[in-house]
Amino acid sequence: MTDRRHFIKIGLAGTAALAAGCTEIPKEEEGELHVAPVTKANGAVILSTWDHGLPANAKAWDVLASGGSILDAVEQGVMVTESDFTNRSVGLGGRPDRDGHVTLDACIQDHDGRAGSVAFVQRFEHPVSIARAVMEKTPHVMLVGEGAEQWALENGFSRNEIVLPEVMEEWKKWAATSNYKPVANIENHDTIGMVAMDATGKLAGSCTTSGMAYKIHGRVGDSPIIGAGLFVDGEAGAACATGVGELAIRTAGSHTVVELMRQGRTPDEACRETLQRIQRKHKELADMQIGFLAIRADGAYGGWGLRKGFSYALRTGDRDELVQAGHQFDE
Ligand code: ASP
């Protein structure tokens, strides 16, 4: 007989599927979800990943305060991080791939689900702005590599040829001892993802990264992939991810968080349930981190990480702080 915990919230469609002899819909370990009180902003709310989110949120907040749209806010907020060349995981200050090339991924999405994305672009300071331009000026969602670069040059973006000697030195040291092997672990990444809601309830999100340090040349992570690194649907909510991108791609992580909120989960519950799905599907998660942030369409917000140490920047009318997210594993 089906265990109740294996048979939760599958609704009419799921019941019909079972009656028709289809495979049981996987369990979500619902009993282990901690139902925390829901935190809701009274007015606008901005969440972004890690401590570099604090100045990004400050910029996004100013944009809203001076009458900018929520889309302007999430774009200009993360542009602050992209322009910070001391940041080793976002923008042109990021660590290169294993061949020494800094390759950037970014995306943006609005309340109505319109989206733009670029992946594997080199030598541009603001990939998030190229992503927005792709959304606004083309019939497409995603441009990659040389094609994206060519299109950006034709559409008013200029190259930035900055090379940071200290970053190249660090890469050379890595190259000397690494056997040319990329490693996905807790230390070698930290995207900025931002999700935000304005005082009228309009949502938007953005995500931008140099990706995992010393990745294979050509590797694209979750950050520019709509549904993985970011997903916004004004009817349900917005979510973004940071951490080992492969985990977010395999589970369509941000989309999953939003769909769980659509089904009534709180943001914390939706993030946790998505992490539990990742835990179930990946036996080998040692040293890996992944975290999600979420805002539900009613203004409730939250975030959760796989392991201790995931923090996010929170900005509301009365809060401007770094929050330590809840986590699945203590180590
Ligand atoms: N998710 C990014 C990637 O896999 C890295 C990160 O967020 O830390 O490229």
Side-chain angles (χ1 to χ4, degrees), residues 48-49 60 69-79 81-82 90-91 103-157 191-197 202-212 215 218-242 245-259 261-262 274 292-295 297:
S48 54
T49 54
S69 69
I70 193 70
L71 198 64
D72 294 335
V74 298
E75 178 193 4
Q76 292 179 39
V78 302
M79 284 169 72
T81 326
E82 289 180 336
V90 177
T103 71
L104 305 178
D105 300 334
C107 72
I108 194 161
Q109 193 167 27
D110 76 6
H111 188 84
D112 300 317
R114 293 190 319 145
S117 161
V118 289
F120 192 54
V121 295
Q122 298 177 57
R123 308 199 305 282
F124 286 92
E125 188 169 334
H126 291 302
V128 72
S129 301
I130 308 175
R132 180 171 177 175
V134 170
M135 172 176 109
E136 291 178 336
K137 294 185 181 175
T138 80
H140 307 308
V141 168
M142 189 167 194
L143 297 181
V144 305
E146 273 177 32
E149 292 171 13
Q150 191 55 43
W151 185 86
L153 290 170
E154 288 161 8
N155 283 274
F157 294 91
T191 296
I192 184 155
M194 177 181 282
V195 284
M197 176 182 265
K202 265 208 169 1
L203 287 162
S206 59
C207 196
T208 179
T209 192
S210 53
M212 199 171 286
K215 60 198 174 187
R219 181 261 189 189
V220 170
D222 60 316
S223 306
I225 297 183
I226 299 298
L230 178 72
F231 192 66
V232 182
D233 178 341
E235 292 173 0
C240 64
T242 180
E246 285 72 6
L247 302 176
I249 295 173
R250 291 185 196 124
T251 48
S254 293
H255 178 263
T256 299
V257 172
V258 170
E259 292 311 307
M261 292 193 292
R262 194 193 305 275
T274 303
F292 292 99
L293 301 181
I295 304 177

Just how far is it from atom [atom1] of [X] to atom [atom2] of [Y], taken to the nearest 0.5 Å?
{"X": "Asp222", "Y": "Leu247", "atom1": "CG", "atom2": "CG", "result": "8.5 Å"}
{"X": "Leu153", "Y": "Phe124", "atom1": "CG", "atom2": "CZ", "result": "4.0 Å"}
{"X": "Asp72", "Y": "Met79", "atom1": "CG", "atom2": "CE", "result": "10.5 Å"}
{"X": "Met135", "Y": "Cys107", "atom1": "CE", "atom2": "SG", "result": "11.0 Å"}
{"X": "Lys202", "Y": "Ser69", "atom1": "NZ", "atom2": "OG", "result": "9.5 Å"}
{"X": "Phe120", "Y": "Glu149", "atom1": "CZ", "atom2": "CD", "result": "8.0 Å"}

Next item on the list: Using only heavy-atom distances, determine whether the side chains of Glu146 and Gln150 contain a donor-acceptor pair under 3.5 Å.
Entry: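 Side chains of Glu146 and Gln150: no pair found under 3.5 Å.
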Notebook entry, point to check: For Gln122 and Thr103, does a side-chain donor sit closer than 3.5 Å to a side-chain acceptor?
Noted result: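 There is no such pair (donor and acceptor under 3.5 Å, judged by atom type) between the side chains of Gln122 and Thr103.
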Any side-chain heavy-atom pair of [X] and [Y] under 4.5 Å:
{"X": "Ile108", "Y": "Leu71", "value": "yes"}
{"X": "Glu259", "Y": "Thr274", "value": "no"}
{"X": "Asp233", "Y": "Arg262", "value": "yes"}
{"X": "His111", "Y": "Ile70", "value": "no"}
{"X": "Ser206", "Y": "Glu75", "value": "no"}
{"X": "Lys137", "Y": "Trp151", "value": "yes"}
{"X": "Ile225", "Y": "Ile249", "value": "yes"}
{"X": "Val258", "Y": "Phe292", "value": "no"}

Atom of [X], atom of [Y] and distance for their closest heavy-atom approach:
{"X": "Ser210", "Y": "Val90", "result": "OG-N, 3.5 Å"}
{"X": "Cys207", "Y": "Gly229", "result": "SG-O, 3.9 Å"}
{"X": "Leu203", "Y": "Ala297", "result": "CD1-CA, 4.5 Å"}
{"X": "Ala148", "Y": "Val121", "result": "CB-CG1, 3.5 Å"}
{"X": "Thr191", "Y": "Ser223", "result": "OG1-OG, 3.4 Å"}
{"X": "Pro224", "Y": "Val220", "result": "CG-CG1, 3.6 Å"}

Margin query: Under the criterion side chain to side chain contact (heavy atoms under 4.5 Å, CB included), I'd like the reasoning laid out for Ile226 against Val141: C-alpha separation, chi angles, the key distance, then a yes or no.
Written below: CA-CA 9 Å; Ile226 299 298; Val141 168; 4.3 Å; yes
Checklist line | side chain to side chain donor-acceptor pair (under 3.5 Å) between Thr242 and Thr49, worked out | finding: CA-CA 7 Å; Thr242 180; Thr49 54; 4.8 Å; no
Notebook entry, point to check: When you look at CD of Glu136, are more than 12 heavy atoms from neighbouring residues, nucleotides or ligands closer to it than 6.0 Å?
Noted result: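 Counting other residues, nucleotides and ligands, CD of Glu136 exceeds 12 neighbours.
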Measure from the side-chain N and O atoms of [X] to the backbone N and O of [Y], and report whether any donor-acceptor pair falls under 3.5 Å.
{"X": "Thr256", "Y": "Thr251", "result": "yes"}
{"X": "Gln109", "Y": "Val232", "result": "yes"}
{"X": "Asp110", "Y": "Asp112", "result": "yes"}

Check: Hey, mind stepping through Met194 and Cys240 against side chain to side chain contact (heavy atoms under 4.5 Å, CB included) and telling me if it holds?
Finding: CA-CA 7 Å; Met194 177 181 282; Cys240 64; 6.0 Å; no
Notebook entry, point to check: Under a 4.0 Å N-O cut-off, is there an ion pair linking Arg219 with Glu246?
Noted result: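 Looking at Glu246 together with Arg219, the answer is yes, because their closest N to O distance falls below 4.0 Å.
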Item checked: Stepwise side chain to side chain donor-acceptor pair (under 3.5 Å) test for Glu82 and Thr208 -> CA-CA 8 Å; Glu82 289 180 336; Thr208 179; 2.6 Å; yes
Next item on the list: Begin with the C-alpha distance, continue with both residues' side-chain angles, and end with the deciding distance and a verdict on side chain to side chain contact (heavy atoms under 4.5 Å, CB included) for His126 and Leu104.
Entry: CA-CA 9 Å; His126 291 302; Leu104 305 178; over 6 Å; no
